[in-house]
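These notes concern the structure reproduced below.
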Amino acid sequence: MNERELRSLIAGVKAGRLSRRAFVQRMIAVGLTAPMASMMLSQSGVAMAESAIPYKPTKAGGGGALKLLYWQAPTLLNPHFAVGTKDQEASRVFYEPLAGWDADGNLVPILAAEIPSKENDGLAEDGLSVIWKLKRGVKWHDGAPFTADDVVFTWEYARNPETAAVTIGSYKDIKVEKIDDYTVRMIFAQPTPFWADAFVSAAGIIIPMHLFAGYVGGKSRDAPTNLKPVGTGPYLFVDFKPGDIVLGKRNPNYHLPNRPYFDALEIKGGGDAVSAARAVLQTGEFDYAWNMQVEDEILLRLENGGKGKVAIVPTGNVEFILLNFTDPAVEVDGERASAKTRHPLFSDPAVREAINLLIDRASVEKFIYGRTAVATANFLNNPERFRSKNTRFEFNIEKANQILEMAGWKRGAEGIRAKDGKQLKFVFQTSINAPRQKNQAIIKQACQKAGIEVELKSVVASVFFSSDTANPDTYAHFYCDAQMYTTTMLQPDPQRFMNQFVSWEVARQENKWQGRNISRWQSKDYDDLYLQAERELDAVKRAAIFIKLNDMVVGDRYILPEVYRPRVTALKRGTTAHLSGWDNDLWQLANWYRET
C-alpha cells in the first residue's frame, strides 16, 4: 500500500465512508498492527475507539488475596524514580496516570474524565496544546481530593533536573497550566503529534502535591512517601520491604464502582523466572508471575500441569546487547564511563562489526525462546509500520575473522587478537537468568573462534535492575564493556522508546544515572532527526523518520538487537487479568478478578 492509498483510506474514515473497524482490518491485512492503525487515525483527527474492560463481579471485595510474583523484586515505590519495570509495576498498584494504553493501542481514561480529541475540543488543530478534563470525586488514599493542582505539581516535580526523575524527558519541554480545579492544559513549543506521553502510562503517574511539595529538586530522595505511597489506586499501602515484599489492602473509596474485587494484594519478589513459572503453572501457589523469560520447552511442560496458562501479548520489547560507547575503566572528574571518554576497543568500527556477526540470533530464537521471541536486526520492531526492512542479521564467524584481520587485529600466542598493544578482550554482563546465561555462552563461544576473549559476568536481577543510585552494579551505571537486557516499549508510538539514544538522555552522575541513554552512544544527526520526528504532524512521514532513526542506531553497531519479545505472563487458572503489550501489566489492576 502506497502513501496515496493510505491517505485516501484515512480520509474515508474521517468522512464516514469507511468504518474504523474496516480501516483497522485493512491495515492488519497489509502488515500493520491494530495499535499502529489506531494511532494513525488518532494523529489524523479521528477519535480513538472506546475500550470496554470486562468485569463480572457485582460488588467490591470478597476475592481474598491476590498473590503476584516478581522474580525481580521491587526496590522503591516512587514511579518517577523507577528505572526498572518491576519498580514501575509495584508503583502502579498505588498510583495512577490520567490514561493508559489497551492491547489495541487505544487510550483508556483512568484519572481523566475523557480522552482529548478534536471532537471534544481537547486537541488543538495546530498541534500546540491539549486539554485534559479530570475525573471528579477521586480522593487520595489519605482522603485529600485529587485536583488539577496535583497534575500541575507532577509536571513541576518531574521536569526539575535536580529531582533527577527518570521521566524528565516526558515533561521538560512542555508547559502545564491549570484552567480550573478539574481541567489542565498542556502547551507545546512546537506542533506535537505524539501528545499522549506526559500523564499517560508508566511515565504519566500523578503524585500528590500535598505530600511531595517539600521534596522537589535536591530533596526528592528524602521523601518518606518514596517508600510509603499514598496514591489514588485500587489498593492502600500496608507494608514494603525493598527487595522482598509489597503488601496492600483494598481501597474502600476507590473511584470505580464495585472495585477492586480482591481484599488484599501481595507482591513477592526474588527467586528466578523458572521458579516463578512453576509457582503459578505447576503448584498454583501464586495467581500471577511476571516476565516469563524461560525456555519455551519448560513453559510448555509446566502448562501441561493444568494449574495455569501462559499469556503471550505482542509488544515492542527488545532483548539487545549494548557495547559501551565510553571507557568504564577511566574516571573523569570522579565519574566512570564518562561521556567525555571513548571505549578503547569498541571505538574501532571493525570490532563492532565483527561482534555483530558473532551473535547467532537464529539459534537464540530457536533453542532458547521458541514462541516467546523473534530474531531481529532492528531495535524498533513494533508496531509493524515502524519496522525497518533495510536491515539484515547474519551469523558468520569466518567473515568476522576476515574483518578483524584486515583491520590489523592479529592473533597472539594465546590465540587472542591484539592491536597497538591492546588485547581484544572484554567483560560482558547481564542479569542472572537461565536464558541469558545460555545466550552469553553462545556468544562467548563464537567470539573465541574469532580470537576475542569474553569474560562473562552475571548480576542478581534485583541488583542489576535496581534504581539504587549508589549501587555500581546496576545496568544504568554500566561500569562494564558490554551488557544485555530487555528494554520495554510502553506505548504504541516510538517517540519515548527511541529517546534512549539522544544525547540529552545520557545516564551520568549529574542526573543520578536516571537518563534513558544507558549506552552513552551519541550522534548529532540522530539528535536532529529525533527532534524532527517530535514535530512532524504527518503520520506517514513520521513513521519514515522513525525507521531512519532505527537504521542509524543499529547501523553504528554499538546497539546490537537480538530478539524482540512479546510479553509472556503466567496466570493461575480462573484469574482474569486485562493485559496490554503497550502498558504495565498492572495498568488495569482494579478490573482483575477471579472466576469462581
Side-chain angles (χ1 to χ4, degrees), residues 53 55 57 59-70 73-82 86-98 100 110-112 134-147 149-151 153-154 202 204-213 215 223-269 286-288 290 575-578 583-594:
I53 307 296
Y55 184 74
K59 67 181 182 65
L66 176 65
K67 299 182 68 176
L68 312 179
L69 186 55
Y70 283 73
T75 54
L76 56 76
L77 296 175
N78 183 326
H80 295 280
F81 297 151
K86 38 83 178 175
D87 290 331
Q88 293 175 357
E89 295 277 6
S91 299
R92 200 70 173 264
V93 170
F94 308 105
Y95 293 107
E96 298 175 306
L98 295 186
I110 298 176
L111 289 177
L134 310 183
K135 192 172 185 179
R136 296 171 183 261
V138 178
K139 294 181 184 258
W140 295 101
H141 292 161
D142 61 2
F146 161 72
T147 71
D149 291 329
D150 298 302
V151 179
F153 170 77
T154 297
I205 305 299
I206 312 299
I207 58 176
M209 181 180 71
H210 66 286
L211 295 178
F212 281 96
Y215 299 97
T225 324
N226 288 342
L227 298 177
K228 296 181 178 181
V230 176
T232 58
Y235 293 94
L236 305 175
F237 175 79
V238 173
D239 194 18
F240 175 41
K241 293 180 174 59
D244 182 18
I245 198 167
V246 179
L247 298 176
K249 64 181 180 181
R250 183 173 67 85
N251 178 3
N253 299 310
Y254 190 58
H255 54 85
L256 287 177
N258 303 325
R259 295 165 178 83
Y261 167 76
F262 295 98
D263 302 300
L265 176 139
E266 171 190 319
I267 294 180
K268 179 64 179 173
F286 284 82
D287 299 292
Y288 157 98
W290 167 82
T575 303
T576 296
H578 306 288
D583 210 322
N584 292 127
D585 272 3
L586 303 187
W587 82 290
Q588 282 291 318
L589 182 60
N591 285 302
W592 285 32
Y593 63 93
R594 184 184 293 122

Can a side-chain donor-acceptor contact be found between [Y] and [X] if the only test is distance below 3.5 angstrom?
X: Asn591; Y: Tyr261; result: no
X: His210; Y: Asp142; result: yes
X: Trp592; Y: Asp287; result: no
X: Asn78; Y: Thr225; result: no

What closest approach, in Å, do [X] and [Y] show between heavy atoms, and which atom pair accounts for it?
X: Pro79; Y: Ile207; value: CG-CG2, 4.5 Å
X: Tyr254; Y: Thr232; value: CE1-O, 3.3 Å
X: Glu96; Y: Pro234; value: OE2-CD, 4.2 Å
X: Gly100; Y: Ile110; value: N-CD1, 3.8 Å
X: Ala73; Y: Gly269; value: CB-CA, 3.6 Å
X: Asp263; Y: Gly61; value: OD1-CA, 3.3 Å

Worked verdict on Val93 versus Leu586 for side chain to side chain contact (heavy atoms under 4.5 Å, CB included): CA-CA 7 Å; Val93 170; Leu586 303 187; 3.7 Å; yes
Atom pair CD (Glu89) and CH2 (Trp290), whose distance is rounded to the nearest 0.5 Å: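 Between atom CD of Glu89 and atom CH2 of Trp290 there are 7.5 Å.
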Distance (rounded to the nearest 0.5 Å) between Leu68 CG and Ile267 CD1: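 Those atoms lie 5.5 Å apart.
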Aromatic contact, Phe237 with Tyr95 (centres under 6.0 Å):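 Centroid separation for Phe237 and Tyr95: 6.0 Å or greater.
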Test of ring centre spacing under 6.0 Å for Tyr593 and Tyr55: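 Yes - the distance between ring centres of Tyr593 and Tyr55 falls below the 6.0 Å cut-off.
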Quiz item: cation-pi between Lys67 and Phe286, 6.0 Å / 45°: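 Judged by the rule, Lys67 and Phe286 form a cation-pi pair.
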Which pairs of donor and acceptor atoms, one on a side chain in residues 246-253, lie under 3.5 Å apart (sequence neighbours left out)?
residue	atom	partner	partner atom	Å
Asn251	OD1	Asn253	N	3.0
Asn251	ND2	Gly233	O	3.0

Residue list, ring-ring contact (aromatic ring centres under 6.0 Å, His included) with Phe262, at least two apart or on another chain: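 Phe262 satisfies ring-ring contact (aromatic ring centres under 6.0 Å, His included) with no residue once adjacent residues are dropped.
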Pairing residues for Phe240 by the ring-ring contact (aromatic ring centres under 6.0 Å, His included) criterion, not counting sequence neighbours: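 By the ring-ring contact (aromatic ring centres under 6.0 Å, His included) rule, Phe240 matches no residue at all.
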Side-chain touch Phe81/Ser91, heavy atoms, less than 4.5 angstrom: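 Heavy-atom side-chain distance check fails, nothing below 4.5 Å.
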Parallel, tilted or perpendicular: ring planes of Tyr288 versus Tyr70, cut at 30 and 60 degrees: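 Rings of Tyr288 and Tyr70: tilted, as their planes differ by 30° to 60°.
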Pair Leu77-Asp87, side chain to side chain contact (heavy atoms under 4.5 Å, CB included): steps then yes or no: CA-CA 6 Å; Leu77 296 175; Asp87 290 331; over 6 Å; no
Pair Asp583 + Arg92, salt bridge at N-O below 4.0 Å: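 Looking at Asp583 and Arg92, the cut-off is met.
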